[in-house]
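Below is one structure, written out as structure tokens, with a few remarks after it.
The chains referred to below are lettered A, B, ... by the order of the sequence lines, with proteins before strands, and numbering in each begins at 1.
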Number of protein chains: 2
Amino acid sequence: MINILIVDDHEMFVDGLESIFDKEDDINIVDKCLTAREIFKEGLLDKADIILLDINLPDISGIDICKRLITKNKEIKILVLSMYDEESYITEILKSGALGYVLKNTGRKELLTAIRTVATGKTYFSEAVTKTIMNGIMNKNRNDKTAKKEIPKITRREREVLELIIQENTNQEIAGKLFISLKTVEAHRSSLLSKLNARNTAGLVRITMENKILENV
Amino acid sequence: MINILIVDDHEMFVDGLESIFDKEDDINIVDKCLTAREIFKEGLLDKADIILLDINLPDISGIDICKRLITKNKEIKILVLSMYDEESYITEILKSGALGYVLKNTGRKELLTAIRTVATGKTYFSEAVTKTIMNGIMNKNRNDKTAKKEIPKITRREREVLELIIQENTNQEIAGKLFISLKTVEAHRSSLLSKLNARNTAGLVRITMENKILENV
DNA sequence: TTAAAAAATAGTATAAACCCTAATTTTAGT
DNA sequence: ACTAAAATTAGGGTTTATACTATTTTTTAA
């Protein structure tokens, strides 16, 4: 018998899971938590073999939950349920101790397979998830022309300014460091906003990091 | 018809492959190479759709071969055959442009599936290979409390504000979206600056992304 | 060498961000 | 129930960033 603990803040989704598991003889629902905090109450963790964990809970981040679960209770197996099929996200979760990662749009049958697999201590990942990871590996270091293509070329000076912006310098400070006037820095900054299609500093930094526009950053 | 080029220095193994492919109507062997050097002779590459490549050849390293193949002929698909099921090895090969990686001890049936999959431009990996990669990811810095530990906990509201900041919203817009006053947003923002140890918006975004403080971003 | 792109500068104005202090209301934990 | 933390709001003030338009000098590439 597989004792399972469901953690998800979407009640309807939990209900759906419940009805699925009720039909299975080998799966028993120990409890249902709508928030991450509830997981750590009482001796809940001792009763469950597996936690079916939605990682987008309102109170604590999924990664933190995994880490805490692993340190608190080494026995428990974590199967992550997520809506996000994004590489960095998946790898982070797996690093923090989960045994499986399935997308919420996977079918009933696959979910059951995942649970039974993870219950034995083995790992399980949706096919889509596996593909994402593999593609991530394959695209690394190879062709930086894919997503980067949209972005116009940035001049040397703009790059210097951008770097200093990301390092939290104000325009005034940048002017001092590059020995140019404040107005020039503003011009470069403005040109960066337009080239990167950003509305403000936040966008500038986000887009730069997302697209790895600066080598060293 | 899939035109295939076999590259392997083990004659007996090549013979085995040949007998397998002879039975298949949709697979045609273009040629067989016993060394890497032979691949680049004449117009061989133009005749083949797929290269079935053993990466442990005596003369050139498998990674170099892949890279050279990709730059010389963008059309060709590479399916790697290897005896080694080791993570670093596999990832390196995949980064250098191969579409698939199967172990030499896989069965006839799986090999054919792999070939037909790769022939359409899709990726294929043996189950064992996938598992190796996944395990590699899972065991990687499972204990990376390195720099991340310094960051204080962020409250739910702060996280929401932070997310909207990164999405280029102004405080005014955030106030509108969260149905709170501008002053409240400013308070959260200020608290974020202090918690993340940032000087301004640029730092806020950079630190958030560097430390993956937000799940979905 | 000549045109184009990049770099530098300036003024004026507005919008947004940031700082400080302070107070009230909600929410969560023992 | 009580306490601490979180969330909310406010006023007033300073600093930065962003938006325009416009000009000059330097570099770069055809």
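Between A:Arg199 atom CZ and D:dT18 atom C1' the separation is 12 Å, expressed in whole Å. Across the protein-nucleic acid pair, A:Arg156 atom CZ and C:dA5 atom C1' stand 14 Å apart, rounded to whole Å. Rounded to an integer number of Å, the gap from CD1 of B:Ile180 to P of D:dA6 is 16 Å. Counting to the nearest Å, the P atom of D:dT18 and the CG atom of A:Leu204 are 7 Å from each other. Taking atom CG on A:Leu162 and atom P on D:dA17, their separation rounds to 14 Å, with Å as the unit. The distance between atom CG of A:Leu182 and atom P of C:dA7, rounded to the nearest whole Å, is 18 Å. As rounded to whole Å, 11 Å separates atom P of C:dA17 from atom CD of B:Glu168. Summarising the geometry, the separation between CD on B:Glu158 and P on D:dA5 is reported as 14 Å, rounded to the nearest angstrom.
For A:Thr106, there are no side chain to side chain donor-acceptor pair (under 3.5 Å) partners, not counting sequence neighbours. Scored by the salt bridge (Lys or Arg N to Asp or Glu O under 4.0 Å) test, A:Arg157 finds A:Glu160 as partners (sequence neighbours excluded). With sequence neighbours excluded, the residues forming a side-chain contact (heavy atoms from CB on, under 4.5 Å) with A:Glu186 are A:Asn171, A:Leu182, A:Lys183, listed by chain and number. Residues satisfying the side chain to side chain donor-acceptor pair (under 3.5 Å) criterion with A:Glu168, sequence neighbours excluded, are absent altogether. Not counting sequence neighbours, the partners of A:Glu173 by the side chain to side chain donor-acceptor pair (under 3.5 Å) test are B:Arg199. For A:Glu24, the salt bridge (Lys or Arg N to Asp or Glu O under 4.0 Å) partners at least two apart in sequence or on another chain are A:Arg116. Listed by chain and residue number, B:Asn3 satisfy the side chain to side chain donor-acceptor pair (under 3.5 Å) test with B:Asn28 (two or more places apart in sequence, or in another chain). Every salt bridge (Lys or Arg N to Asp or Glu O under 4.0 Å) that B:Asp54 has, sequence neighbours left out, goes to B:Lys104.
Of the residues in residues 169-179 of chain B, those with a non-hydrogen atom less than 4.0 angstrom from any atom of DNA chain C are B:Thr170, B:Asn171. Proximity of residues 184-194 of chain B to DNA chain D (heavy atom under 4.0 angstrom from any strand atom) is restricted to B:Thr184, B:Ala187, B:His188.
Using a 3.5 Å distance cut-off with no hydrogens or angles, the side chains of B:Thr184 and B:Ser181 do pair a donor with an acceptor. With no hydrogens or angles considered, no side-chain donor-acceptor pair links B:Glu86 and B:Thr132 at under 3.5 Å. Side-chain polar atoms of B:Tyr101 and B:Ser82 form a donor-acceptor pair below 3.5 angstrom.
Here the side chain of A:Ser181 is nearest to one of C:dA10, D:dT9, D:dT18, namely C:dA10.
For the atom pair A:Asn197 CG and A:Leu204 CG, the distance stands at 11.0 Å (nearest 0.5 Å).
An OP1 or OP2 oxygen of D:dA7 is reached within less than 4.0 angstrom by a side-chain nitrogen or oxygen of B:Thr155. At least one side-chain nitrogen or oxygen of B:Arg157 sits closer than 4.0 Å to the OP1 or OP2 atom of D:dT8.
Evaluation of atom-type donor-acceptor distances gives a pair under 3.5 Å for the side chain of A:Lys183 against the base of C:dT12.
Comparing the end axes of the helix from C:dT1-D:dA30 to C:dT30-D:dA1, each fitted to five base pairs by superposing C1' atoms of four pairs onto the next four, gives an inter-axis angle of 80° (nearest 10 degrees).
Counting only distance, with no hydrogens or angles, the side chain of B:Asn135 and the backbone of B:Lys131 share a donor-acceptor pair below 3.5 Å. Judged purely by atom type and a 3.5 angstrom limit, B:Glu158 uses its side chain to pair as donor or acceptor with the backbone of B:Thr155.
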Taking N or O atoms only and anything under 3.5 Å, show me the protein contacts with nucleotides 25-29 of chain C, one pair per line.
| from | atom 1 | to | atom 2 | distance (Å) |
| --- | --- | --- | --- | --- |
| C:dG29 | OP1 | A:Arg37 | NE | 3.0 |
| C:dG29 | OP1 | A:Arg37 | NH1 | 3.2 |

